[in-house]
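Atoms within each ligand, like the ligands themselves, are counted from 1 in listed order. For the numbers below, each heavy atom of this structure counts, side chains included, while hydrogens, waters and symmetry mates do not.
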Amino acid sequence: MENNAENDVIIETKDVTRIFRMGEVEVRALGGVSLKIKRGEFVAIMGSSGSGKSTFLNQLGLLDIPTSGAVIIDSVDTSKMSEKEKGNFRLHNLGYVFQDYALLPELSAIENVYLPLMMQGKSKEECQKTASLVLIAVGLEDRLNQFPSKMSGGQQQRVSIARALAHKPRVLFADEPCANLDSVASKQILELFKKFNKEEGQTIVMVTHEDWHMEYVDRIIRLKDGVLE
Ligand SMILES: Nc1ncnc2c1ncn2[C@@H]1O[C@H](COP(=O)(O)OP(=O)(O)OP(=O)(O)O)[C@@H](O)[C@H]1O
Ligand SMILES: [Mg+2]
C-alpha cells in the first residue's frame, strides 16, 4: 500500500455540527468543525467549559450523531452506517476512557478487561491471556483479581485504559481521563498514554482542561463556542 498523505489520515471530520433542541431552545454545541487527525497522533482537545469538547469527542467516537456533516474513520464514511453497524464498528475498532472510569463494580480487574473481548466472540482462554497482558502493560500485574472498590482512582483508571486498549483499537478516545485524579496519578496516566502512543503507534484523542498536559501531546485542537479557534 502506498503511504501517501491521505493514508496517514485516520479520522477526518467534514463540517460537523451538533445542535441540541430542548423544546423551543436550540443550543449550537458544534458550529461546523472540519479537521484531520493523523495515524499515530496524540491529540488534545482543549477549550473552556461548554465549548463543545465532549460533544466533539462523542462525534469522533461515534457515540452521538452529528446534526450535519460527516465523520470518516480509516476511509469509512460513518454517516452512512446504520446504528447496528456503528455499534459493531465501535466494538471492534474504537476504545474509550472516561472521567469516571466506568468499571463494573461486581467484576474484578481482569474480568472488566476481558468482558468486551468476550463480546467479540473470542475464547475465554484467549480473552484472559490478552487481558492479563494488557493489565501487566499498565503496571497492574499484582492487581489482576482485585475489585474496583479496593483500588485507588489511578489504578481504576489504569484498568479502564487496559480495557480500552485490549483489542488494539484504531483510535483511543479519552474524555478528561485525569479529572478525578491527583497530580501524581494524572502524571502516571499521561505517561502511560505517551508510552502506548510512542511504542505501539496508538492514535489517541484526549479532552483535557489542564495546561500542563500539553507537554505530552503532539498537537492541541482548541475549541471555542463550538468552532475551532
Ligand atoms: N445532551 C445535551 N442536551 C442539551 N445541551 C447539551 C447536551 N450536551 C451538551 N449540551 C450543550 O452543548 C454545549 C457544549 O457542551 P459540552 O459538554 O460539549 O462542553 P465541554 O466543552 O465538554 O464542557 P466541560 O468542559 O464542562 O465538560 C454546552 O452549551 C452544553 O450545555
Ligand atoms: Mg466535557
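The minimum heavy-atom distance between Glu176 and Lys53, with the atom names listed, is OE2-CE, 4.3 Å.
Under the 4.0 Å distance rule, the nearest protein heavy atom to atom 18 (O) of ligand 1 falls inside the cut-off. At a distance under 4.0 Å, a protein heavy atom can be found next to atom 6 (C) of ligand 1.
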Exercise. Would Thr17 and Thr67 count as a side-chain hydrogen bond (donor to acceptor under 3.5 Å, both in side chains) if you check the C-alpha gap in whole Å, the side-chain angles of each, and the deciding distance to 0.1 Å?
Worked result: CA-CA 5 Å; Thr17 71; Thr67 305; 4.5 Å; no

Does the pair Glu191 and Lys195 meet the rule for a salt bridge (Lys or Arg N to Asp or Glu O under 4.0 Å), with working shown?
CA-CA 6 Å; Glu191 275 166 9; Lys195 179 183 118 169; over 6 Å; no

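A side-chain hydrogen bond (donor to acceptor under 3.5 Å, both in side chains) with Ser160 is found for exactly one of Arg158, Gln156, Gln157, namely Gln157.
Of the charged side-chain nitrogens involved, at least one lies within less than 4.0 Å of a carboxylate oxygen, so that Asp74 and Arg39 count as a salt-bridged pair. The pair Glu125-Lys129 does not count as a salt bridge, with every side-chain nitrogen at least 4.0 angstrom from each carboxylate oxygen.
Between Phe193 and Phe42, the ring planes lie perpendicular to each other; the angle is over 60°, past the 30° to 60° tilted range. Between Tyr96 and Phe98, the ring planes are parallel. Angles under 30° get that label, and only those over 60° would be called perpendicular.
In the vicinity of His209, heavy-atom distances shorter than 4.0 Å reach the ligand 1 atoms 25 (O). Here is the list of ligand 1 atoms found below 4.0 Å of a heavy atom in Glu176: 25 (O), 27 (O).
Each protein N/O/S atom under 2.8 Å from the Mg ion (ligand 2) was counted, for a total of 1.
Atom 15 (O) of ligand 1 has its closest protein heavy atom at Thr55 OG1, 3.7 Å. The closest protein non-hydrogen atom to atom 1 (N) of ligand 1 is Phe20 CE2, 3.6 Å. Atom 25 (O) of ligand 1 has Lys53 NZ, 2.7 Å as its closest protein atom, hydrogens excluded (heavy atom only).
Considering only non-hydrogen atoms, atom 24 (P) of ligand 1 lies nearest to Ser49 out of Ser51, Ser49, Ala29. Between atom 28 (C) of ligand 1 and the options Ser48, Gly50, Gly47, the minimum heavy-atom separation is to Gly50.
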Just list the side-chain donor-acceptor pairs under 3.5 Å for residues 139-150, sequence neighbours left out, or say none.
{"unit_1": "Arg143", "atom_1": "NE", "unit_2": "Gln146", "atom_2": "OE1", "d": "3.2"}
{"unit_1": "Gln146", "atom_1": "NE2", "unit_2": "Lys150", "atom_2": "O", "d": "3.4"}

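Atom NZ of Lys38 has 12 or fewer heavy atoms from other residues, nucleotides or ligands within 6.0 Å. Counting heavy atoms of neighbouring residues, nucleotides and ligands inside a 6.0 Å radius, atom NZ of Lys122 exceeds 12 of them.
The side chain of Val27, and not its backbone, has at least one atom closer than 4.0 Å to an atom of ligand 1 (non-hydrogen atoms only; side chain from C-beta on).
Note: an N/O pair closer than 3.5 Å links Gly52 and ligand 1 by distance alone.
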